[in-house]
Protein chains: 2
Amino acid sequence: MDKPEERIRIKDIAQLAGVSVGTVDRVLHGRSGVSEKSREKVEKILKKLDYQPNMYASALASNKKYVFACLLPQHSEGEYWSYVENGMKQAIKDFSDFNISLALAYYDQYTLGDFLKSGKKLLEQSPDGLIISPTIESETESFISELRTHGIPYIFIDSNIPKLNPLCFYGQHAEQSGYFAARMMSMLMQGATELVIFRQISEGRLGSNQQLHREEGFYTYMKEHRPNLNMFTVNLYAKLPDEDETILDNFFKKYPGIQYGITFNSKAYAIGEYMERHGKKDFHLMGYDLLQRNVDCLRKGSIDFIIAQQPTLQGYSSIESLCNHLILKKEIKACNYMPINLLSIENIDFYLSAHRKDNH
Amino acid sequence: MDKPEERIRIKDIAQLAGVSVGTVDRVLHGRSGVSEKSREKVEKILKKLDYQPNMYASALASNKKYVFACLLPQHSEGEYWSYVENGMKQAIKDFSDFNISLALAYYDQYTLGDFLKSGKKLLEQSPDGLIISPTIESETESFISELRTHGIPYIFIDSNIPKLNPLCFYGQHAEQSGYFAARMMSMLMQGATELVIFRQISEGRLGSNQQLHREEGFYTYMKEHRPNLNMFTVNLYAKLPDEDETILDNFFKKYPGIQYGITFNSKAYAIGEYMERHGKKDFHLMGYDLLQRNVDCLRKGSIDFIIAQQPTLQGYSSIESLCNHLILKKEIKACNYMPINLLSIENIDFYLSAHRKDNH
DNA sequence: CTGTTAGCGCGTTCAG
DNA sequence: CTGAACGCGCTAACAG
């Protein structure tokens, strides 16, 4: 039975050490101007009583304002990154009593140098912490070195570059999630022997590293467990819907018997909606991310399974981590893999309603 | 670009309304002793500026201690309820700056009247809020009416009795989770036509309502999608391991061809370990809850899938909700279904590492 | 090097 | 009915 034990305060420590609160505060914050004798005495008592500061009182007294900054790929409402952004905004609201604000900037993923340009502009606001998605490795690297000179902590989100050691990382283990997807697809396919992978190509390259890594994990599983599986790939171009339509028409004319497909990006709805338009009800599709259009397809039956990576929670957690690090001075975990969740028509409702911190 | 806009304080409101902070405080808390004129004026400005109090400053100033209480079924370390308890303890630590403490009490699920007896004892500590799992409907009902007379808010965890309208509920939608389990099992079984359901019987009845509801959901799906499936049931008695061994021996002697099984309680490991002992590698098993022994079976391959219901998070969230309600005066959601997550050897690691708030 | 003190935003007296 | 004043635990400026 936990007794409501009295919390130890700075005042108590000071009394026990025979010094004033000012001195205790100085050793707590490692500031100079304390004699070795006092420091030792205070530190001993601090440790002995396991002093835990009241961080809310601390934040209140310090009366500082914090500016967090975030650099994200350009996006429209309803796309993947908009969920990340929503999560951050929710966290900013939830922790508003800490006097935090968020400066957002966007960059064009496909214009070389735009990441750096937007990043510089963001730095003008002299943020206390920064969140970025390191989609472009080279530009990220030079940006990070800039941050280092300013001593600004940074968090990576969605994908990771460990060697640039960020304060922490939030995102899925892409390869493992592709591996898991393959296990599910393998069950779904029962005895079928043919499968198609739909890729999204933007500006001549795969939209993201994540997409690539998932595909690799998928192949790994299938090589191990289904060596005789026949896998086709179809390249699509999100910005050219008419052309995509023709590509799909041609593919399914050529291979009318293929009943299973997967996409490793968030645009599974493009395929699902195609199937709906063409009344193809015998096609089974898997994809990523709970965009509204994907969820609609799931409900209509044109997508069988979606793997979620909780972008909203990623956004929320990254803001929370900045608070924990900068304001509450808590230890934070460096690598935070998001769970690999499988969603189907049978469990989607409970997933969506589960957390207001991660509504999508 | 969000400007770090100044937060409105009580002082500001007072100034604008031409009154003192004391008066503003009185209208904020609906206390008496304010003229109609002042009240209206203040309320208008409050609404206009959308005043949001700094709850940390508020909690600090009020300098109150809160006692939360929780009544759980008796359990050993490693069992389901121990995860719930761990989540609560973690939350108590995380929110210790709010001056909260937790009084725990346990009851014997199978001794009539013990729930009420332990409950009464808990009330002697005059808790400010209470968390219970309403496993025994009749006793819960009479206990709740007692709480009502004291005006103590209560939260239900794991299973729900909506008509006793608790402050809120955390738990899984048991029937839907059984339905989902059936969908997965159906895929896993491929073309197989036989299946066995293992039940845990304690003191002559099914261990929990949850177990029953899951089974119902499971049947519903199978009736709809696999009408010709042949389902066996085997009743086991956790407290009589020797007897259970014989029951299983006899069952598999009689039906050696059955390759698929499921349990709707947290003791799937009992079956998994049986299979390991007997070298039966062709049996495919599903179960519930990430107890360590279940996870071990998953890793060894004697369990194929586990459905998680995040007991640690349930515990954590229920404490968090009491804080939000009693201290931070936030609105809280009445019904919080936990997501229905499917875990396999391919995604378990990332699930386990995901949140420190829900390590199991 | 050290102690004292005035706040941070809010809750709660206590005079008037 | 209202305002002023003090304190919650902590920070930081200032005086010595």
Side-chain angles (χ1 to χ4, degrees), chain A residues 4-43 46 49-66 95-100 326-330, chain B residues 4-43 46 49-66 95-100 326-330:
Chain A
E5 37 183 287
E6 293 303 318
R7 189 79 178 260
I8 295 123
R9 302 157 300 177
I10 286 188
K11 201 194 285 180
D12 303 319
I13 305 283
Q15 213 160 25
L16 288 165
V19 297
S20 75
V21 292
T23 303
V24 176
D25 187 71
R26 275 180 274 261
V27 336
L28 276 174
H29 294 84
R31 263 179 273 142
S32 63
V34 185
S35 69
E36 201 48 46
K37 214 190 273 180
S38 297
R39 159 158 284 120
E40 270 173 28
K41 205 173 207 171
V42 170
E43 269 171 354
L46 242 28
L49 297 190
D50 186 31
Y51 169 74
Q52 300 291 113
N54 183 326
M55 294 317 292
Y56 299 127
S58 166
L60 186 63
S62 76
N63 201 25
K64 254 185 269 182
K65 299 204 184 322
Y66 294 87
F95 304 125
S96 63
D97 287 349
F98 287 142
N99 258 318
I100 57 178
L326 291 168
I327 306 175
L328 304 181
K329 319 285 185 200
K330 283 191 194 166
Chain B
E5 36 183 288
E6 293 304 318
R7 189 79 178 261
I8 295 124
R9 301 157 302 175
I10 287 188
K11 199 196 285 181
D12 303 320
I13 305 283
Q15 214 160 25
L16 289 167
V19 296
S20 75
V21 291
T23 302
V24 176
D25 187 72
R26 276 180 272 263
V27 337
L28 275 174
H29 294 82
R31 264 180 271 141
S32 62
V34 185
S35 68
E36 201 48 46
K37 213 190 272 180
S38 295
R39 159 157 281 121
E40 270 173 28
K41 206 173 208 169
V42 170
E43 269 172 352
L46 242 28
L49 297 191
D50 185 32
Y51 169 73
Q52 300 292 112
N54 183 327
M55 294 317 291
Y56 299 126
S58 166
L60 186 63
S62 78
N63 201 24
K64 254 185 270 184
K65 298 203 185 323
Y66 295 86
F95 304 125
S96 64
D97 287 350
F98 288 142
N99 257 317
I100 58 179
L326 291 168
I327 306 173
L328 304 182
K329 319 286 184 198
K330 283 192 195 166

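Reminder, nothing fancy here: chain letters follow the sequence lines and each chain counts from 1.
Axis angle across the helix from C/dC1-D/dG16 to C/dG16-D/dC1, with five pairs used at each end and values rounded to 10°: 60°.
Taking CZ of B/Arg26 as the reference point, atom CZ of B/Arg39 lies at 10.5 Å (rounded to 0.5 Å). In this structure, the separation between OG1 on B/Thr23 and CG on B/Leu28 is 11.0 Å, given to the nearest 0.5 Å.
Reading DNA chain D from its 5' end, the first and the last nucleotide to sit under 4.0 Å from a heavy atom of chain B are D/dC1 to D/dG9.
The stretch residues 24-36 of chain B touches DNA chain C through B/Asp25, B/His29, B/Arg31, each having a heavy atom within less than 4.0 Å of the strand. Proximity of residues 49-56 of chain B to DNA chain C (heavy atom under 4.0 angstrom from any strand atom) is restricted to B/Tyr51, B/Pro53, B/Asn54.
Spacing between atom CD1 of B/Ile10 and atom P of C/dT12 amounts to 11 Å, rounded to whole angstrom units. Spacing between atom NZ of A/Lys65 and atom C1' of C/dC8 amounts to 10 Å, rounded to whole angstrom units. Between B/Ile8 atom CD1 and C/dG9 atom P the separation is 12 Å, expressed in whole Å. The distance between atom CG of B/Leu60 and atom P of C/dT12, rounded to the nearest whole Å, is 12 Å. Distance A/Gln15 CD to C/dG3 C1': 14 Å, rounded to the nearest Å.
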Practice item. Show your working on side-chain contact (heavy atoms from CB on, under 4.5 Å) between B/Ile100 and B/Leu326 and close with a plain yes or no. Key: CA-CA 11 Å; B/Ile100 58 179; B/Leu326 291 168; over 6 Å; no

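Considering all non-hydrogen atoms of both residues, A/Lys11 and A/Val21 come closest at CA-CG1, 3.9 Å. In terms of heavy atoms, B/Arg31 sits closest to B/Val34 at O-CG2, 4.1 Å.
Of the two residues contacting DNA chain C, namely B/Lys11 and A/Val19, the nearest-nucleotide position lying further toward the 5' end is that of A/Val19.
Taking B/Ser38 as the reference, B/Ser35 meet the side-chain hydrogen bond (donor to acceptor under 3.5 Å, both in side chains) condition, with sequence neighbours excluded. With sequence neighbours left out, B/Gln15 forms a side-chain contact (heavy atoms from CB on, under 4.5 Å) with no residue at all.
Remark: A/Asp12 does not engage A/Arg7 in a salt bridge, criterion side-chain N to carboxylate O under 4.0 Å.
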